[in-house]
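No hydrogens, no waters, no symmetry mates; every other heavy atom, side chains included, goes into these values. By convention in this document, chain letters (A, B, ...) are assigned in the order of the sequence lines, proteins followed by strands, and residues within each chain are numbered from 1. This one's a predicted model, so the numbers in the text were calculated from it and none came from an experiment.
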Amino acid sequence: MNAPRAALTRRRFLAGLAAGGFFLTSARASAARRFAVVDWALLETTLFLGLVPVAAPELILFRRLAVEPDVPRSVADLGLRGALSFERLAMLKPDIVYGSNYSAWTAPQVETVAPLKIFDLFQPGEPPLAKIEAMTLALAEDLGIAQEARTVIARARAELSAHRGRLSATKQRGVLLVDVGDANHVRVYGRDSLFGDTMTRLGLENVWRDGTRYSASAPVGMEALAAYPDAFLIIVGPVPPDARAAILHGALWQALPSIAAGRFAIIEPCNAFGGLPASLRFARFVTAALLAEKDGAPT
Amino acid sequence: MTDLQPSLAFSLTVKSRPFVGWFLLFAVAMTLFTEASRLALDGLAPGFAARYLIDGLAPRGVFALLGGAGLGLAGALLQRALRNPAADPSTLGIGAGAQLALSAATLFAPALITEARSLVAFAGGAVALTVVLLLSRARQYDPVTMILCGIVVSLVCGALSASLILAGGDYMLSLYLWGGGALAQDGWRDAIVLGALVSGAIIAAFLLRRPLALLGLSDETARGLGVSSGAIRLSAIIVATLLATTITAFVGIIGFVGLMAATLARLSGARTAKAQFLAAPVIGAILLFATDSLVLLIDAVFETSTATGAVTALVGGPLLLWLLPGLPQRPAAAVAVAFRRLARPLACLAGLVALIVLAAVIALLLEPDGAGFLLDIQAVAALFPLRWPRLLAGLCAGAMLAVSGVILQRFTANPIASPEVLGISSGAGLGLAALLVVSPYAGTGAELAATVAGALTALAAILAFARAARLSPDRLLLGGIAVASLAGAGVTLVMARGGPESTRLLDWMSGSTLRVSAGLALGEAALAITLVPLALVAHRWLAILALGPTATRGLGLSPRKAGTLMVTLAAVLTAAATLAVGPLSFVGLMAPHLARTIGFARPRSQIAGAALIGALLMAVTDTAARSLAFPYQLPTGLFAALVGGPYLVVMVLRKPR
């Protein structure tokens, strides 16, 4: 799209090649490796690459909250992310297990079964998308399909660029991104969240000025949103039923400038700690919401 | 004692100084509220600011006043009806029960929660209170025992709520359920409903004031005067529960406001039932309004969202500490069940050891989903490195908790005393919470250090408090309760911040043995092997201390030194076990009882028997917890609590025969 972006891409690819080239021979040999994932970001990424892990955690909730990509039936459920069933993992005997920094705590147990590889993805104050792209590439190299990774990363960038192009036609640039706890409290996503970083790539401005902690702010009263009267308000699902009623009919929510002017949208659930698929899913919903607003019909 | 004339006299003549004081506090609160509102409205879009003042801030102020009044009245009613000056919706488990019901309904019946939120909360609160009352019946509703039971029930409900949130998996969202106690309002609906309820409750309280005043005398006198004490008490309790659970349904748990209001009403000179039913709501309203205005101001300045309910608990915890030593003691019931004494305790111990070996073999050989046994030696070998650490840690933690329970129950001569209510575990939780705030990914080593530091700090606080009263056993329990409440409020404040530390805290609270590494398991084993024999060696002290301070001194033992050593031992045992299985297994409560019921009557055999029973309980529950819902695991500590809760109820129901 524009010059700096392309340069960045090339540089990252070269860096990836240099890192990956070292293990090239072993990686190719492991193309048929059986692997498991203990984190949703890794689950998304492997499926996105066209690979199917033998096991992944908390699939019931994943199918409900992250939705995409579709998880094949052959993937075994490892139980809660916070209470993984290491026993099932041991019975399945994968050759290698992948996780993110959120699953680093599993190392002592997982390593009795198979080597564990941890990718550092989500850190406070650090935009995650570049790290997610690097992880996608490194993972693919590890599994011997580096070329696929380059293709899907390029595809993801092209998709985000396409959205960005469509959005440039709209006037709306300032966006507030929240999820709703109850009728009176929200958490605001910052630039260091997957969603916030995706918005940056879409050319949208995250207008939230105050700090965030670990990708989203601590809960704040909904009145804090009134300090941004011109922002487009995006509410990421799922929204609890009573909070949804308050947003659509409550006196306070209806008085919020963004809501009163119809500059808001409630979008479907997305995985806030996902990989490129979650980023694309989110981008799709946001773009649709903002384009619909331009036509004067809030979703 | 000069009894006061009814209310007018209370407010105008006899004690005018407290009245002026309360009015001044109200004026201060009003100023705070105005200032906070001004700050909160600053920078908001003008159109919204007006709406926020009318439909957000104004109803919030009114709700704080009404909620405080409701809780104050609930506290006064409960204290009168139960003749317990420490009664409060939060010390009797009503709030925690209501919250558990709300969490469960949110997850399993979302339609119910939008339609009948208050009803769900009332059902939960009423069940919790019933359990507390049934449990304390065995000790003639002794106030201290009642509060202990309330804490136990609150802890169980809290653990269940934590597990529901974890199982629901929607961590971030559901943490709001936990935080609770936030008074933010959207429109006037809740305030109006609460206003109607509080008015009705005040009328009901006035109708009940005379019979309740008569109950204050004693059941026999009241019956002689023609009052059906049961019906009167029940009506008062139902009104109080309705008030407290409705408030919980609207805004979450607001801790200790009822207790503070009713106590301060008494101290301000309101001694008759009528005066208390007038003064407690007024004082409660002022207290909650003042607290919430302060919270509002803090939120406006720092742009955060603080749980008002946790802040009131931070104030109320110390009040409990100050108030509880003055509680009237009811003579302990003679132990109703005649415990048989084993003729051959050694044979029975050997039997228990055999059972433990059996449980361990099953734990190691069972299929992961519990459907059968592993026949393949390779599969057994594959699972062994995962299974032995949690098995060993569970066995050792169970034994240590059980021994700690024996020491505490013998030392305090109270059958409900247990490591879980001593506040040591809660202190450990607060230590962990503090670490996670500073550094959410500090790692297991740092987490262990923080938990131990928290447990030791809590122990030091309890001991300092109890030593001031020559280590009287009741003082010890009360200190534990107060520390547990304080630490609980701190943990709630951290929990309400959201973020990864909340998830980790929830996880720890639910007591999973999943994270036990080989190193930790070996550490637990080393501690158990050192500490349990130490308790066995000291068994004579327990027997002597039970004879009372004079006899103890007569036998050449310093009651203070021996007591401190025994309590410290119990605390260290608890802290060590808590590291592996979390704070809430209730093995420390169950195992000593089971040991006595079987017939291990003397301290030494009870310690040995309880240790084995505790180990057995943990091994069995751990295996069940990981197999029942495979691959979704139930937290071990919580699962043990689920077994322990019903056991407690059954045991106590059986007693008064």
TODO: May I ask you to name which of B:Q378, B:R51, B:R515 has the most heavy-atom pairs under 4.5 Å with chain A?
DONE: B:R515
Open item on the list: Let's test your reading of the structure: which of B:D186, B:L386, B:L41 forms the most heavy-atom pairs below 4.5 Å with chain A?
Closed with: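 Highest number of pairs under 4.5 Å: B:D186.
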Open item on the list: Does anything in residues 106-119 of chain A form a side-chain hydrogen bond (donor to acceptor under 3.5 Å, both in side chains)? List the pairs, not counting sequence neighbours.
Closed with: A:K117-A:D142
For chain B, which candidate among [options] shows the most heavy-atom pairs at distances under 4.5 Å?
{"options": "A:V113, A:I60, A:L89", "result": "A:I60"}
{"options": "A:A90, A:P108, A:A251", "result": "A:A251"}
{"options": "A:A255, A:A260, A:A183, A:P57", "result": "A:A255"}
{"options": "A:R88, A:M91, A:K93, A:Q254", "result": "A:R88"}

Hey, can you pull the donor-acceptor pairs under 3.5 Å for the side chains in residues 220-241 of chain A, sequence neighbours left out?
from: A:E223; atom 1: OE1; to: B:Y52; atom 2: OH; distance (Å): 3.4
from: A:E223; atom 1: OE2; to: B:Y52; atom 2: OH; distance (Å): 3.2
from: A:Y228; atom 1: OH; to: A:R209; atom 2: N; distance (Å): 3.1

Given a strict heavy-atom distance threshold of 4.5 Å, which part of [X] is in contact with chain A: side chain, backbone, both, or neither?
{"X": "B:R626", "answer": "side chain"}
{"X": "B:L57", "answer": "neither"}
{"X": "B:Q185", "answer": "backbone"}

TODO: Would you check, one step at a time, whether the test side-chain contact (heavy atoms from CB on, under 4.5 Å) holds for A:I266 with A:F285?
DONE: CA-CA 9 Å; A:I266 302 176; A:F285 291 144; over 6 Å; no
Open item on the list: Over 60° means perpendicular and under 30° means parallel, so tell me whether A:F195 and A:F282 are parallel, tilted or perpendicular.
Closed with: parallel
Open item on the list: Looking at every non-hydrogen atom in both residues, tell me the closest pair between B:A521 and B:P389 and how far apart they are.
Closed with: CB-O, 3.4 Å
Task: Minimum heavy-atom distance A:S85-B:P631, with the two atoms named - done: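 Looking at all heavy atoms of both residues, the closest pair is CB-O, 3.4 Å.
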TODO: Apply ring-ring contact (aromatic ring centres under 6.0 Å, His included) to the pair A:F62 and A:W40, showing each step before the final yes or no.
DONE: CA-CA 8 Å; A:F62 183 87; A:W40 280 4; 5.2 Å; yes
- [ ] Measure distances from A:L256 to the heavy atoms of chain B and classify the residue's part below 4.5 Å as side chain, backbone, both or neither.
- [x] both
- [ ] Examine whether an atom of A:I259 lies under 4.5 Å from a heavy atom of chain B, and if so say whether it belongs to the side chain, the backbone or both; otherwise answer neither.
- [x]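 Neither; nothing under 4.5 Å.
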- [ ] Go through the steps for A:D77 and B:Y632 under the test side-chain hydrogen bond (donor to acceptor under 3.5 Å, both in side chains), then give the verdict.
- [x] CA-CA 9 Å; A:D77 198 332; B:Y632 287 77; 2.7 Å; yes
